[in-house]
Number of protein chains: 2
Amino acid sequence: MYNFIFQNTTKIYFGENRLGHLGEELKQYGTRVLLTYGGGSIKKIGLYDKVTEELKRAGLTVFELSGIEPNPRHTTVNKGAELCKKEKIDVLLAVGGGSTIDCTKAIAAATFYDGDSWDLVTHKAPVSKALPVLTVLTLAATGSEMDAGGVISNMDTNEKYGLIHPLLQPKVSFLDPTNTYSVSAFQTACGSADILSHIFDVTYFTATEKMDMVDRIMEDIIKTVIKYAPIAVKEPENYQARANLMWAASWALNGFLQTGAFQAASCHAMEHELSAFYDITHGLGLAILTPRWMEYILDESTAPQFKKFGVNVFGVDASLSDIDGAKQAIVCLNDFLFKTLGLQSTLTEIGIDDKNFKVMAKKACKGDVLKGFKHLTPEDVENIFKMCL
Amino acid sequence: MYNFIFQNTTKIYFGENRLGHLGEELKQYGTRVLLTYGGGSIKKIGLYDKVTEELKRAGLTVFELSGIEPNPRHTTVNKGAELCKKEKIDVLLAVGGGSTIDCTKAIAAATFYDGDSWDLVTHKAPVSKALPVLTVLTLAATGSEMDAGGVISNMDTNEKYGLIHPLLQPKVSFLDPTNTYSVSAFQTACGSADILSHIFDVTYFTATEKMDMVDRIMEDIIKTVIKYAPIAVKEPENYQARANLMWAASWALNGFLQTGAFQAASCHAMEHELSAFYDITHGLGLAILTPRWMEYILDESTAPQFKKFGVNVFGVDASLSDIDGAKQAIVCLNDFLFKTLGLQSTLTEIGIDDKNFKVMAKKACKGDVLKGFKHLTPEDVENIFKMCL
């Protein structure tokens, strides 16, 4: 039990006004930089100017790839990889949230592959080499700034899969909480739901025995999000709230909490189908799915952990039975996500009906069962999707 | 606030029977290995045989340096560095506790310095280069297996100082809790006191504002030690207890908890004088000093944090005044260290009198005040030493 390998090499500059170190860090990897970003929000908040000024000051040759989508596409990865090959790029600098960083990681690997980057995502071809990636983070959510993975979508085939490889671990990430001040209440709430889901889904709710210390720390990070997400929603420029959420996001999925316990991720697998078919915000899909998934798999075997979550995180009455305590925990989580954070609570509200549920459920299970805290058949997954209507 | 750099590159193999990876990891750095260890306890527990068998299986050329002292000496560092130069060692493998690992790190740096290694410890010469260090840990205590520092003693001058440099960060550490099964009740207790002190001393008790998430995690690592140290003392082969203590030790001082807050370490500075003059076990010195230090600096400004510690860790009544809550917290800590863990509670009991207190106090302050939660003058330090009699 508890056998695991832990290593996380990313260097983090945390705090305000750390970009003075950007040039020196990039220059360790070369002089030709591809700056990647999304729809232009980094220009609105003045971050684009700050970053390019630092790159200029460091005497670097800069190319740009903008317009990276939320749920980034393999076609954009292909475009980025072409640019890297053509311009002989040495190092990639992603400025943005998880989507920009994920796409940039895939570009880093695709640069050394002669073919469609989708082959790497679907493991038809292995990742053999990757350009170094540095990041400047603008959203507390996915943890991509401090992990070795990324998620890429293929809208032609309605598929969304993770690409994970040690070579994709960012070399350096700049985490300045003030760069998240302009994140909307909605995106702050979705990002927070994403952080929670990483903890719930990837190890906190698991059938495998966990190390007690790490279990406690998972609850600490959950409590941090429960405390600070509503504050950040109401007071977007609250530094404490933004700092805590940002650091919580990085630690929710950087390997530390994943030590030793089986990595389930059932809700993530189901949500990827929602995003792949309907291009919705990942955190929102997770928020809608998670309480229904808990309700669906609630039984004698899962109740003790759900109850423990309720007691330790929300102060649910410890004297309740396991089942009643678990039910109360699900109510508390529902209230937090849909009342306190104000997220939409059903797929119907965001315009999704049951039309594709059967095929989505089948895809989520990849021809098998969806493994996790409780293994789910395609029929189970379809039932959970239906509960979200 | 909260500006910090975090990076920890050490690769950890955690759990039982991981030594099958030892050869492949070492070979990344070369073929000529210096195996370092202490007084031979690794032979008693069969670990020496397991390690050397793996080294043989990997076809490595192995040299040995044994007899590394608890409170390792600069003279031993010199001896090791000579051996590395003479035998053209590529990589160091420390098998032992904090002392063996600390000494090995210093050897790694001293190999590239032509002179007395004490010059590196006292910063008369800079660390310019270091051999790679890998470790197999046998004691949950110092955290040296996952940090960039080591502490070296000079018994000629009664000095004990830390040597910290990024080049000294272990490349790989093997953490098998079963390798600590044979650690005595006394050393288990001392190691646990050391872990607690790293958290108390290096950031938990601080005048600087901390990030809430990290503060919660500090308390949970403290609670982990409070829970499992007594179990490990009573049931030395309890895997849960040994695993939790081992991982707690690594995280207490690997940089994560130190993010953002001023690093105080007053008790460590005072304890280093005790060890340097009397060669006592570091964790025991810390255990004796810490509650007295808390008592000595207790006032309106420090009481809220001491009380919070008591409330959150020991369940002290939150309705007490700050001062009364703090006093109660100190009582609880005393009880834990000296009753539950059974450590000696005074310097008198371990044969230390006040003879050298004045000179030790002056040395601890290094001609200035000893900075920390409250800054201490040499007179303050002397008073705290006297309280330990």
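In what follows, chains are A, B, ... by sequence order, proteins preceding strands, each numbered from 1.
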Please report the interatomic distance CZ(A:Phe6) to CH2(B:Trp247), rounded to the nearest 0.5 Å. 6.0 Å
What residues of residues 212-225 of chain B sit under 4.5 Å from chain A when only non-hydrogen atoms are counted? B:Asp212, B:Met213, B:Val214, B:Arg216, B:Ile217, B:Asp220, B:Ile221, B:Lys223, B:Thr224
May I ask you to decide if B:Met211's main-chain N or O and A:Asn244's side chain share a donor-acceptor pair within less than 3.5 Å? no
Residue A:Glu53 excluded, over 12 heavy atoms near CD under 6.0 Å: no
Is it the case that over 12 heavy atoms from other parts of the model lie below 6.0 angstrom from the CD atom of A:Glu24? yes
Out of curiosity, B:Phe256 CZ to A:Trp251 CH2, how far, rounded to the nearest 0.5 Å? 4.5 Å
Where do B:Thr9 and A:Gln7 come nearest, in terms of heavy atoms and distance? O-NE2, 2.7 Å
Output for pair (A:Asn3 CG, B:Asp176 CG), nearest 0.5 Å, gives 8.0 Å
Measure the CD1-CZ distance between B:Ile5 and A:Phe14 for me, rounded to the nearest 0.5 Å. 13.0 Å
